[in-house]
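Here's the structure we're looking at; comments come further down.
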Amino acid sequence: MSRTKKLMTLERFIHEQEHLHPSATGEFSELLHDLSVAAKLVWREVSKAGLVNILGSTGRINASGDTVKKLDEFADETIYRAMDFSGHLCVMASEENEDILQIPEEYKSGGYVLLYDPLDGSSNIDANITIGSIFSIYKRVSPGGKGKLEDCLQQGLKQVAAGYIIYGSSTVFVYSTGRGVHGFTLDPSVGEFVLSNEKIVIPQKGKIYSMNEGNYRNWDEGLQKYIQHITEDDKPTGRPYSLRYIGTMVGDAHRTLMYGGIFAYPGDKKNPDGKLRLCYECNPMAYIIEQAGGRAIDGKKRILEVQPTALHQHTPVFLGSVEDVNLCEEFLQGKR
Ligand code: P6P
């Protein structure tokens, strides 16, 4: 019989990874397990969104000024409720909530911190375009008891794990704990995430750029020159690049991870810090891209080195293949 790919569930993989850390207590594995349960519950609603009247808006506006869609609210509550009783978290923070989210009094406070964007790209829900959930896990830094804001405002390089669930043509759980990036595809018939992409490595160079060129006229000159450069017709140097952009960071970043190239949401004259959130979107995605061998910068420095000062602060972001991000950086810094 031909040696097919090993039938490894996310559950089993998490526990195998745990054994690689002699000091592991199993807390971390249980956290990731609970997240995978939340992911399946969100998937169940996302996958039938067109059938059940949970499309449309709640009429609320979230901390980032975005209109909150019903599915957003469902995903936010589902993740919180799946994680709050674990006893492993001292505090959570969600992109949908202005302030940090305390663990209910009746549950034990633990040594980890969870930040999450429950449903990234929700403006695409009604058009059935790929959306996703994003998460970051940190160790607490406050001494004990209830978690604090300082636990949630850590540099991205302090993440002990990060990842996302992408609800697309299939549902894939992608994560890293610092030992490479791995993808697990949901098999709905058995309700298990099964290993589909072990050790994802991003290509050194791609042929796709992914940014909202509708903002081109507001971008700084260096970025405009970069776009002009990569869209010139020069076959020997692999140009012109193709533009692919769906307006869901999880989808655009996942395609960049799998195919290579560059994704960016730059700052511009109107919004110097861009639109994407440092803590909920850029840090986890930067962690994944770097773990896969790519780069993630804000135009001046590593995203993971930025010290957050506010939960919902925005940052410009340029992430993807090393050669593509390096070249873009040269144009941004006026070296080309
Ligand atoms: P624009 C979705 O609302 C989101 O936060 C990211 O997922 C996505 O990359 C970006 O905004 C899209 O923004 O301005 O291009 O519509």
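Counting from 1, the numbers follow the sequence of the chain as shown. Order of appearance sets the numbers: ligands from 1, and atoms from 1 within every ligand.
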Show the distances, to 0.1 Å, for all pairs joining an N/O atom of ligand 1 and a protein N/O atom that are shorter than 3.5 Å, listing one pair per line.
from: ligand 1; atom 1: 5 (O); to: R277; atom 2: NH2; distance (Å): 3.2
from: ligand 1; atom 1: 5 (O); to: E281; atom 2: OE2; distance (Å): 3.3
from: ligand 1; atom 1: 7 (O); to: D120; atom 2: OD1; distance (Å): 2.6
from: ligand 1; atom 1: 7 (O); to: D120; atom 2: OD2; distance (Å): 3.1
from: ligand 1; atom 1: 7 (O); to: M249; atom 2: N; distance (Å): 2.8
from: ligand 1; atom 1: 9 (O); to: M249; atom 2: N; distance (Å): 3.2
from: ligand 1; atom 1: 11 (O); to: K275; atom 2: NZ; distance (Å): 3.1
from: ligand 1; atom 1: 13 (O); to: K275; atom 2: NZ; distance (Å): 3.0
from: ligand 1; atom 1: 14 (O); to: Y265; atom 2: OH; distance (Å): 2.6
from: ligand 1; atom 1: 15 (O); to: N212; atom 2: ND2; distance (Å): 3.0
from: ligand 1; atom 1: 15 (O); to: Y245; atom 2: OH; distance (Å): 2.5

- Residues S86 and D34: side-chain donor-acceptor under 3.5 angstrom: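 No, because no side-chain N or O of S86 sits under 3.5 Å from a partner of the opposite role on D34.
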- Message: Quick check on the hydrophobic clustering: are I131 and I165 connected, directly or via other members, by side-chain heavy-atom contacts under 4.5 Å?
- Response: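 I131 and I165: one cluster.
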- Rest of the hydrophobic cluster containing L153 (Ile/Leu/Val/Met/Phe/Trp/Tyr, side-chain heavy atoms under 4.5 Å)?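 Listed partners: V91, I100, V113, L115, Y138, L149, Y280, L311.
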- Message: Under the rule for salt bridge (Lys or Arg N to Asp or Glu O under 4.0 Å), what residues qualify as partners of E213, not counting sequence neighbours?
- Response: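 Partners of E213 by the salt bridge (Lys or Arg N to Asp or Glu O under 4.0 Å) criterion come out as none, since no residue qualifies.
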- Query: Taking 4.0 angstrom as the limit, do D298 and K301 come out as a salt bridge?
  - Reply: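 No salt bridge links D298 with K301.
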- With D187, which residues qualify under side chain to side chain donor-acceptor pair (under 3.5 Å), at least two apart?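 Testing D187 for side chain to side chain donor-acceptor pair (under 3.5 Å), a comparison that skips the adjacent residues, returns S189.
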